Amino acid sequence: MEKIFTIKSNSTFTRMYRSKSSPQGTVVVYVRRNPNLKKAHIGITASKKQGGAVERNRVRRIIREAYRTLVLEGTGINDMPYYFVFVARTKCFSKNIRMQNVYNDMKRALVELGILGNTK
RNA sequence: UGACCGAGUCGGACGGUUGCGCAGUGACGCCGAAAGGCUAUCUGUGAGGAAAGUCCGGGCUCCGUAUGGCAAGGAUAGCAGAUAACGUCUGCCGAAGGCGACUUCAGGGACAGUGCAACAGAAAUAAACCGCCGACCUUUGUCGGUAAGGAUGGAAAGGCGAGGUAAGAGCUCACCGGCGUGACGGAGACGCCACGGCCAUGUAAACCCUAUCCGGAGCAACACCGCAAGAGGCGGAGCGAAAGCUCCAUAUCCGCCUGAUAAGACCUCGAAGGUGGCAUGAAGCGUCGGGCGAUCGGCGCUCAAGAUAGAUAAUCGUACAAAGGGUUCGCCCUUGGACAAAACCCGGCUUAUAGAUUCGGUCAUAAC
RNA sequence: GGAGACAUACCCAAGUUGGCCGAAGGGGCUCCCCUGCUAAGGGAGUAGAUCGGGAGUAACCGGUGCGAGAGUUCAAAUCUCUCUGUCUCCG
């Protein structure tokens, strides 16, 4: 299994919020290219205003699972020299949200941003 | 059977597949000359009763020796006990509520002092507006006595009745309430009895008084690596031939005092990042004994998360709750699992919480 | 994770030794003047939230309201406790 790297510095996050973005129903995806990277680095944001710790943890896990599914499909996304930040929107905190919903939104956003080719 | 009261337990279950954190194992794989390192694999383990709010208490760490002194500030408030400690808990006392099981109470002091009591009312801690009574007077009235009555107010000078009086008044008396003194019971809060005099509103979650307790900051504490560079400091006065001594200032260092330390291959500060702190503890479970109980003691067994942008998810199946709808009352369909997730660790408190379940008790009704 | 501060009308806010307080003041709003018409400026004025009564609408009357709920007190925006929300600081 490929290791998923995470963004750790707050300054990276704030720089990302000024980058190219693609808002979808459940998540907003921010992208920035960094040639020094060997693998993709991702960051997940779930605001405290949207819910308590239980809800925020669940949203974070679902987003990570969606990204993992994307990697396992062989898109090669994890080997690209990019930073990705996924921001959970209010819709994402609703109780009946499924991983598939987030996965579809994420894929559509990445296609819009030109990271993934429109395979289908 | 119905309506309640008290104490406790659980708080989604079982299984399959794909994955995550930590610990161990660790290749015949990869890196390396080697020592060794990394990884696959496999094994174990992985959120709560409140993990929450951060409201108290303690451990631990540093600050200055931490029960040095003073000042300031804060906390608590029936009595006795439990405890490492507490503002917590237990038992008892008192008050209030309930037919009852039982529940609730920041429950010291207002004869140490100060403040406040708006409006209304004549008057708010001090009293004469009306009224009542007496005297004077030609009438409106003036002077005096009086707190029983009126009116105001949350509160009007203990309550109520009788005697008494010009009218009245604890002025006197009975009962009740409060206060003081004494005897008895109790470990004590207090209870009970007798006597005394007749008093002196409320507010201390106003200042305050009394008693007891509290040094400050917090794991983003703190220690080490990074560490070498870098920044800052090494002052002034007096005595002395010099070494050195004394005083002041400065810094460590925080309200003050007292006290300690400080400078040459010296002292202080010191970023990102990393390691430790960090999981054996006032620990849990079982059992025996002491105690009404909180809880304490003995013995045996167990080791049960440790992340750091932060580990428990996704999906499928089986039953089981819950909600909505349909129904031929057999059941079927749909939705979908209360409150909420560790971040140094413990003891409490408070707040949120669908539902399931155990034990003990009270009242009412019916039957025997 | 830890430490603190704040909350008053649509907005900014004054008021906290408890009392004539449901609210000073400003913005805003309405009307008038000015202007060819606006803006700016000048002048005047109103209600202030919500529930009930009353009602065509309003005036009017009553209750509750200073983030929410309890408590102390005769009386709470003010004092005490518990919750809710917003903001700040510490690496």
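Quick note on labels: first sequence line is chain A, next is B, and so on, each numbered from 1. Everything numeric in this text was worked out from a predicted model, so none of it was measured.
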Measuring only the [atom1] atom in each nucleotide, how far is [N] from [M]? A whole number of Å is fine.
{"N": "B/rC222", "M": "B/rC254", "atom1": "P", "answer": "15 Å"}
{"N": "B/rC253", "M": "B/rG270", "atom1": "P", "answer": "10 Å"}
{"N": "B/rC102", "M": "B/rG360", "atom1": "P", "answer": "16 Å"}
{"N": "B/rC116", "M": "B/rC195", "atom1": "C1'", "answer": "40 Å"}
{"N": "B/rG109", "M": "B/rG78", "atom1": "P", "answer": "10 Å"}
{"N": "B/rC214", "M": "B/rG57", "atom1": "C1'", "answer": "12 Å"}
{"N": "B/rA217", "M": "B/rA75", "atom1": "P", "answer": "15 Å"}
{"N": "B/rG58", "M": "C/rC74", "atom1": "P", "answer": "37 Å"}

Under 4.0 Å from OP1 or OP2 of B/rG19: is there any side-chain N or O of A/R61 that close?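 Indeed not, no polar side-chain atom of A/R61 lies that close.
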So, is A/R64 near the phosphate of B/rC20, with a side-chain N or O under 4.0 Å from OP1 or OP2? no
Mind checking whether A/V85 and A/I44 have side chains closer than 4.5 Å, heavy atoms only? no
Chi class for [N]: syn within 90° of 0, otherwise anti:
{"N": "B/rA243", "result": "anti"}
{"N": "B/rG68", "result": "anti"}
{"N": "B/rG232", "result": "anti"}
{"N": "B/rG235", "result": "anti"}

Spacing between [X] atom [atom1] and [N] atom [atom2], to the nearest angstrom:
{"X": "A/I62", "N": "B/rU312", "atom1": "CD1", "atom2": "P", "result": "12 Å"}
{"X": "A/I44", "N": "B/rU308", "atom1": "CD1", "atom2": "C1'", "result": "15 Å"}
{"X": "A/N57", "N": "B/rA343", "atom1": "CG", "atom2": "C1'", "result": "12 Å"}
{"X": "A/Y103", "N": "B/rU18", "atom1": "OH", "atom2": "P", "result": "20 Å"}
{"X": "A/L70", "N": "B/rG19", "atom1": "CG", "atom2": "C1'", "result": "16 Å"}

B/rA364 pairs with, by Watson-Crick or G-U criteria that keep both distances under 3.5 Å: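 B/rA364 is paired, partner B/rU1.
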Determine which nucleotide pairs with B/rC269, using a 3.5 Å limit on both distances of a Watson-Crick or G-U wobble pair.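 Paired with B/rG230.
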Flag this pair as yes if the NZ/CZ of A/R32 is under 6.0 angstrom from the six-membered ring centre of A/Y83 and inside a 45 degree cone about the axis; otherwise no. no
Please work out which of the three classes, parallel, tilted or perpendicular, describes the rings of A/Y67 and A/F86, given edges at 30° and 60°.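 Aromatic pair A/F86/A/Y67 classed tilted.
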